[in-house]
2 protein chains.
Amino acid sequence: MHKPAKVTIEDVAAAAGVSRQTVSRVINNGPNVKPAVRQRVEAMVEQLGYVPNLSARRMGGARSYLILSINDRARTFENWTSGRGNDWVDQMLYGGMSECERHNYHMVLELIDTDAGTTIPQIARAVGSLRPDGVILTPPHCDNLELVAWLERQGIPCARVGHYEGGNFVDVFMDDEGAMREVTRHLLDLGHRSIGFLAGPLNYGPSQKRRKAFREALAEAGIPPEAGPIGAGNFYFDMAVSVLETMLAAPSPPTAIIADNDKMAFAALHVAADRGLKVPDDLSVISFEDTPGVRFSVPPLTAIRQPTAAMVGKACAQLIALSKGEEGMGAFELPYEFVVRATTKAPRG
Amino acid sequence: MHKPAKVTIEDVAAAAGVSRQTVSRVINNGPNVKPAVRQRVEAMVEQLGYVPNLSARRMGGARSYLILSINDRARTFENWTSGRGNDWVDQMLYGGMSECERHNYHMVLELIDTDAGTTIPQIARAVGSLRPDGVILTPPHCDNLELVAWLERQGIPCARVGHYEGGNFVDVFMDDEGAMREVTRHLLDLGHRSIGFLAGPLNYGPSQKRRKAFREALAEAGIPPEAGPIGAGNFYFDMAVSVLETMLAAPSPPTAIIADNDKMAFAALHVAADRGLKVPDDLSVISFEDTPGVRFSVPPLTAIRQPTAAMVGKACAQLIALSKGEEGMGAFELPYEFVVRATTKAPRG
DNA sequence: ACATATTTTGTGAACGCTCTCAATTGACTT
DNA sequence: AAGTCAATTGAGAGCGTTCACAAAATATGT
């Protein structure tokens with residue numbers, strides 16, 4: 001078997017009887033090519049199965065056709081069981097890749113051991129060798145000011161997912177406060193008068209907003225703060241279990257729980273089962289994440305569905321636009337969805 | 001803010017007072033460099049923060065430092081709810097990326113719409129532009145003979161995950177038959193005499209092997225075939241529900257269910273709940289996948305844990321070795337784990 | 001028809017590396 | 001001390017593109 005010779009732009013040029021540069025113009029959709037010539041070149045590209053070599057393109061031009069996605073290793077499946085991982089990563093990748101594909105870009109992933117404290121050197125290495133056209137920062141990296149400043153200094157456009165703060169960035173996020181208000185009111189309308197919130201970490205922006213909105217929604221309904229306990233402070237299953245044990249042991253325990261992510265909602269389901277509480281009859285549960293598996297829990301969870309994939313997709317789209325010299329910076333709010341399944345109901349009695 | 005000038009190999013060479021080529025030797029760990037010189041160059045690399053440009057490396061040399069991972073779009077989270085997606089992808093990425101990172105390689109993903117029938121052109125495009133050093137094929141692409149042949153013709157080393165068949169490939173897999181035997185015996189030992197198998201599709205290699213082993217294990221124990229019904233034939237939640245309804249409506253229904261993946265195991269949990277059957281008292285359930293969320297189901301599933309991430313990691317490692325001119329082809333069996341949690345128990349009475 | 005704009009096409013250089021091969025250095029023989 | 005061989009270093013070419021131009025072709029105005 002002879003190895004098929006790699007066809008280059010010169011081959012296409014020769015076959016079409018034009019110069020290298022004209023072919024380049026055609027494949028880049030450049031202006032000033034006679035329609036007839038363009039067509040002839042396109043036909044040859046097709047016939048020879050020509051695909052531009054990305055490395056060569058990068059060498060010659062300014063673009064790399066690469067988007068780098070920075071992800072927290074601790075949030076990958078490896079840590080699912082410890083309670084930190086989730087399929088955020090899966091979803092984010094999906095959103096990003098789909099968008100890249102559409103523009104013939106490619107997505108390269110980097111997993112960062114955030115806790116190791118070597119984030120910037122690690123990213124510097126990847127950025128230096130890949131020279132991506134843009135970088136997507138997902139939590140918790142989007143909140144890393146030092147990193148963001150470094151990228152800015154390098155002149156690499158950067159998109160933050162789940163973060164909004166202004167500046168010369170692409171920020172993509174959802175309306176966390178609105179979602180929390182909607183969820184809390186749903187519970188209030190059902191008749192709940194004591195609601196617990198299993199909150200995420202204090203330094204996580206979206207969680208902060210949700211806390212605030214939770215407080216406000218209860219206050220508006222005239223519910224006293226002690227009937228709206230907020231359990232602190234990470235996203236882990238195990239901690240949620242113990243926080244919940246305490247909450248439910250109170251004199252007049254909450255009849256509904258809002259969990260800041262799915263894993264803590266699962267924890268609520270477990271604790272309820274352990275204490276012989278039926279969900280939703282004895283305890284309503286709502287999650288604030290809605291990763292795909294949630295539909296299959298027993299019973300299926302009512303949840304706020306975050307537009308995770310869409311957010312990363314949007315981030316990619318903006319970075320790609322930017323790399324083409326188009327406008328792209330800005331803040332983009334994407335709609336969430338409130339999915340009512342089987343874990344909310346009016347309280348007993 | 002002045003943009004930091006990109007430091008090139010020439011800069012390092014000048015700073016170290018050696019030639020370009022010597023620096024190249026040092027960064028590639030080449031032989032024949034005086035220790036003193038090597039050290040001096042390394043110091044300059046460090047000091048200037050030099051990172052080799054991947055594209056330039058690709059242009060000059062033969063390697064691209066890129067591994068391409070081909071994934072079935074239908075198996076991403078997008079299709080979780082329809083029952084096809086899962087976090088396989090997440091795990092596979094993790095395994096691959098971790099390995100790449102170790103060797104300063106990078107992993108690029110490609111999501112293929114398998115059903116669209118344009119697999120090869122899609123991959124040709126990615127392979128042509130990226131020129132990866134190797135390609136990782138995950139199910140169902142690893143079974144795509146046409147694709148495998150195409151890659152072979154291109155001279156691109158290719159690793160198949162969850163597939164073993166010989167030939168000049170890297171095949172990484174687990175002992176499906178052994179796992180099925182172990183699981184079936186576990187149930188038999190517990191006292192079950194009627195066991196249902198919710199099997200995956202017939203054309204999926206590993207599922208075939210599991211069917212076979214299931215049959216054999218029952219036969220060995222003297223269980224008649226009608227007490228070992230096999231429910232056909234995909235990996236979806238919804239279909240599993242209906243198959244299961246039928247199985248459990250039989251005159252002497254199974255007291256234990258083996259599901260070929262987690263989603264079908266969840267389906268068993270749902271159906272049991274609907275029929276008022278307690279798991280594991282009235283029905284034992286075992287899954288053959290063990291994605292991370294399984295631990296949090298109510299009750300937590302007993303399962304075979306597939307070494308998914310490890311398999312992709314191994315695949316990457318072999319491809320990287322190959323790209324360095326080392327040996328790498330071969331078949332590699334990785335160990336699975338049988339995790340007994342809370343969904344298996346002796347049958348009632 | 002002529003000069004002048006505009007569109008279209010082509011040429012040479014550059015990008016940052018690795019390859020091949022030649023030149024230099026140093027160590028070891030005899 | 002000269003000769004041989006291996007270890008170390010360097011120089012030039014080439015990889016496949018795009019860029020900045022220059023050249024050619026065509027259109028426009030008078």
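Letters A, B, ... mirror the listed sequences (proteins, then strands); counts begin at 1. The structure presented is a predicted model; accordingly, all values stated were derived computationally and were not measured.
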### Message
Does either side chain, that of B:Ser323 or that of B:Tyr105, offer a donor lying less than 3.5 Å from an acceptor on the other one?
### Response
yes
### Message
Please determine whether any donor N or O and acceptor N or O are separated by less than 3.5 Å between the side chain of B:Arg58 and the base of D:dG16.
### Response
no
### Message
What is the distance, to the nearest angstrom, from the NZ atom on A:Lys34 to the C1' atom on D:dT26?
### Response
8 Å
### Query
Within the pair B:Ser24 and C:dC17, is there a side-chain N or O less than 4.0 Å away from OP1 or OP2?
no
### Query
Separation of B:Leu54 atom CG from C:dC15 atom P, in whole Å?
19 Å
### Task
Name the residue closer to the 5' end of DNA chain D, choosing between A:Ala56 and B:Ser19 according to the nucleotide with the nearest heavy atom.
B:Ser19
### Message
Without decimals, in angstroms, what is the distance between B:Asn29 CG and C:dT18 C1'?
### Response
15 Å
### Query
Does a nitrogen or oxygen in the side chain of A:Thr8 sit under 4.0 Å from OP1 or OP2 of D:dG16?
no
### Message
With a cut-off of less than 4.0 Å, is there a side-chain N or O of B:Asn28 near OP1 or OP2 of C:dT18?
### Response
yes
### Message
Quick check for you: among C:dC17, D:dT9, C:dT9, whose closest atom lies nearest to any side-chain atom of A:Val33?
### Response
C:dT9
### Message
I want to check something: taking the side chain as every heavy atom from C-beta on, are B:Leu151 and B:Val148 in contact at a cut-off of under 4.5 Å?
### Response
no
### Query
B:Gln21 has an atom CD; how far is it from atom P of C:dC19, in whole Å?
8 Å
### Query
Is a side-chain N or O of B:Gln318 found less than 3.5 angstrom from the main chain of B:Gly328, in a donor-acceptor match?
yes
### Donor-acceptor pair (no angle test) under 3.5 Å: A:Arg20 side chain, C:dG12 base
yes
#### Entry: Phosphate contact (C:dC17 OP1 or OP2) by B:Tyr65 side-chain N/O below 4.0 Å
no
### Whole-Å gap separating P (D:dG16) and CE (B:Met59)
6 Å
### Length of the line joining B:Leu130:CG and D:dC15:P, which is rounded to integer Å
21 Å
### Query
Within less than 4.0 Å of OP1 or OP2 of C:dT8, is there a side-chain N or O belonging to A:Asn32?
yes
### Message
Without decimals, in angstroms, what is the distance between B:Ile9 CD1 and C:dC15 C1'?
### Response
14 Å
### Query
Quick one: the side chain of B:Arg131 and the base of D:dG16, do they pair up donor-acceptor inside 3.5 Å?
no
#### Entry: Polar side-chain atom of B:Arg131 near backbone of B:Gly128 as donor-acceptor pair, under 3.5 Å
yes
### Message
Regarding A:Pro52, tell me which of base, sugar-phosphate or nothing describes its non-hydrogen contacts under 4.0 Å with the strands shown.
### Response
sugar-phosphate
### Message
Would you say A:Arg57 and A:Asn28 are linked by a side-chain donor-acceptor pair, where the criterion is simply a distance under 3.5 Å?
### Response
yes
### Query
Does A:Gly17 or B:Ile27 map to a spot on DNA chain C nearer the 5' end, using the closest nucleotide for each?
A:Gly17
### Task
Round to a whole Å and report the spacing from CZ of B:Arg25 to P of D:dT8.
10 Å
### Query
Hey, is the side chain of A:Thr22 poking within less than 4.0 Å of OP1 or OP2 on C:dT9, counting only N and O atoms?
no
### Query
Mind checking whether A:Asp171 and A:Phe332 have side chains closer than 4.5 Å, heavy atoms only?
no
